[in-house]
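In what follows, a single structure is set out as structure tokens and then discussed.
In what follows, chains carry the letters A, B, and so on, assigned in the order in which the sequence lines appear, proteins first and then strands, with residues in each chain numbered from 1.
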2 protein chains.
Amino acid sequence: MPHNLNKIFKSIADPTRREIFHLLVLASSALSITQISQHFEISRQGITKHIRMLRDAGLIDMTEKGREHFCLANVKPLKAIQDWVQLYERFWDNKLKSLGDHLDQKNK
Amino acid sequence: MPHNLNKIFKSIADPTRREIFHLLVLASSALSITQISQHFEISRQGITKHIRMLRDAGLIDMTEKGREHFCLANVKPLKAIQDWVQLYERFWDNKLKSLGDHLDQKNK
DNA sequence: ATTTTATGCAACCAAATAGTTGCATTTAAA
DNA sequence: TTTAAATGCAACTATTTGGTTGCATAAAAT
């Protein structure tokens, strides 16, 4: 179990956390908590809480340097979300075959 | 805006709702609220609330027949989730190119 | 015609969430 | 060495969430 699936779902369910994550991916380098919070109107402590949830879901890697705590986006846990979605992708156009059959196939 | 992205994220963030959705996809036919709730230990009213959230996110289509309310899974809104995830997919292996460049490209 | 079934509505509850502020501590800068 | 910056910790609050129960109503079955 790499990172709890539910934590990942919960993490990305909040728009502010998605924004933080997006900001970090865009930055493609580590940003400190203060730097991140400057992009938002909510308090630093509010941002810290969001960052911790993202970290606990594995979506942010953290390193400390002196008094600063740096955050780096880690997209890998999103793979679990994509896997979940892809289970249903086959139905986007139309029912080709029941998902039940599909799962039976995988268990053979 | 087909269906509010945040509602979709919030809907699938709850494990019970994911189970309900999965059940409906597996069924590949409409199930009544009572039928659905029989698969769970929580009360019918609890299930009803979850079903409404899924419906409001577009993940369940509902039809009434007599006194029964039937639910059918609709996977289309999941496309929005996949689109969101795919924005970051390119980073799963490694940074090929920054997301910023990628977005610039799309806006040309 | 009576009873049972399927449901909605409303009130209620506990826990989680998203946010705040104040204060202490460590590190860096003047 | 004093001051400023970056952070954590703790307490507090309001709102949302996930769940419950009781009661009313409409439709179906007996």
Side-chain angles (χ1 to χ4, degrees), chain A residues 3-24 27 29-73 77 81, chain B residues 3-24 27 29-73 77 81:
Chain A
H3 271 288
N4 184 271
L5 182 66
N6 207 46
K7 278 188 184 173
I8 305 170
F9 272 114
K10 284 279 199 306
S11 275
I12 63 174
D14 182 85
T16 302
R17 283 194 292 273
R18 288 198 301 277
E19 277 191 67
I20 293 172
F21 181 74
H22 191 76
L23 174 68
L24 286 170
S29 64
L31 298 183
S32 74
I33 293 177
T34 302
Q35 285 176 319
I36 293 169
S37 65
Q38 281 162 354
H39 287 80
F40 298 88
E41 289 188 344
I42 66 184
S43 70
R44 173 184 58 85
Q45 279 306 319
I47 293 295
T48 293
K49 288 192 180 183
H50 284 309
I51 287 174
R52 281 181 190 158
M53 283 195 225
L54 287 162
R55 183 201 60 193
D56 292 347
L59 288 163
I60 286 183
D61 292 329
M62 303 209 55
T63 48
E64 303 187 18
K65 194 175 178 183
R67 64 184 164 179
E68 289 174 296
H69 291 208
F70 289 97
C71 305
L72 192 64
I81 303 298
Chain B
H3 271 289
N4 184 271
L5 182 65
N6 207 45
K7 278 188 184 174
I8 305 171
F9 271 113
K10 284 278 201 299
S11 275
I12 63 174
D14 181 85
T16 302
R17 283 193 293 271
R18 288 199 301 277
E19 278 191 67
I20 293 173
F21 181 74
H22 191 76
L23 174 68
L24 286 170
S29 64
L31 298 183
S32 75
I33 292 177
T34 301
Q35 284 176 320
I36 292 169
S37 64
Q38 282 162 352
H39 287 81
F40 298 87
E41 289 187 342
I42 66 185
S43 70
R44 173 184 58 86
Q45 278 308 319
I47 293 296
T48 293
K49 286 192 179 184
H50 284 309
I51 287 175
R52 281 179 190 158
M53 283 193 226
L54 287 162
R55 182 201 60 193
D56 292 348
L59 288 163
I60 285 183
D61 291 330
M62 303 207 55
T63 48
E64 302 185 19
K65 192 176 180 184
R67 63 183 165 180
E68 287 173 297
H69 291 207
F70 289 98
C71 304
L72 191 65
I81 303 298

Protein-to-nucleotide contact annotation, 5' to 3' order, nucleotides 20-30 of chain D [B base; S sugar-phosphate only; - none; under 4.0 Å, heavy atom]: BB-----BS--
Partners meeting side-chain contact (heavy atoms from CB on, under 4.5 Å) with B:S32 (sequence neighbours left out): B:T34, B:Q35, B:E68, B:F70
Kindly write out the residues that satisfy side-chain contact (heavy atoms from CB on, under 4.5 Å) with A:S43, not counting sequence neighbours, or none if the list is empty. A:Q45
For A:R52, enumerate each residue passing the side-chain contact (heavy atoms from CB on, under 4.5 Å) test, keeping only those at least two apart in sequence or located in another chain. A:T48, A:R55
Less than 4.5 Å apart, any side-chain heavy atom of A:K10 and any of A:M53? no
d(CG, A:L54; P, C:dA18) in whole Å: 11 Å
Start with the C-alpha distance between A:L72 and A:T63, add both sets of side-chain angles, then the distance that settles side chain to side chain contact (heavy atoms under 4.5 Å, CB included), and finish with yes or no. CA-CA 8 Å; A:L72 192 64; A:T63 48; over 6 Å; no
Choose from C:dG8, C:dA18, D:dG19 the nucleotide whose nearest atom is closest to any side-chain atom of B:H50. D:dG19
Expressed in angstrom and rounded to an integer, what is the separation of B:F70 atom CZ from C:dT5 atom C1'? 13 Å
Of B:I33 and A:D14, whose nearest nucleotide on DNA chain C comes first from the 5' end? B:I33
Take atom CZ of B:R18 and atom C1' of D:dG18, then tell me their distance rounded to the nearest Å. 14 Å
DNA chain C nearest-nucleotide lookup for B:R52 and A:M53: closer to the 5′ end is B:R52
Taking for each residue the nucleotide of DNA chain D with the nearest heavy atom, is it A:Q35 or B:A13 whose nucleotide lies nearer the 5' end? A:Q35
Taking ring-ring contact (aromatic ring centres under 6.0 Å, His included) as the test, write out the residues that go with B:F9, two or more places apart. B:W84
Whole Å only: how far is the NZ atom of A:K7 from the C1' atom of C:dT17? 15 Å
Taking for A:T34 and for A:K10 the nucleotide of DNA chain D with the nearest heavy atom, the one nearer the 5' end belongs to A:T34
OP1 or OP2 of D:dT17 versus the side-chain N and O atoms of B:R17: is any pair under 4.0 Å? no
Are A:H69 and D:dA6 close enough that a side-chain N or O sits under 4.0 Å from OP1 or OP2? no
Backbone N or O of B:S11 within a donor-acceptor pair of the B:R17 side chain at under 3.5 Å? yes
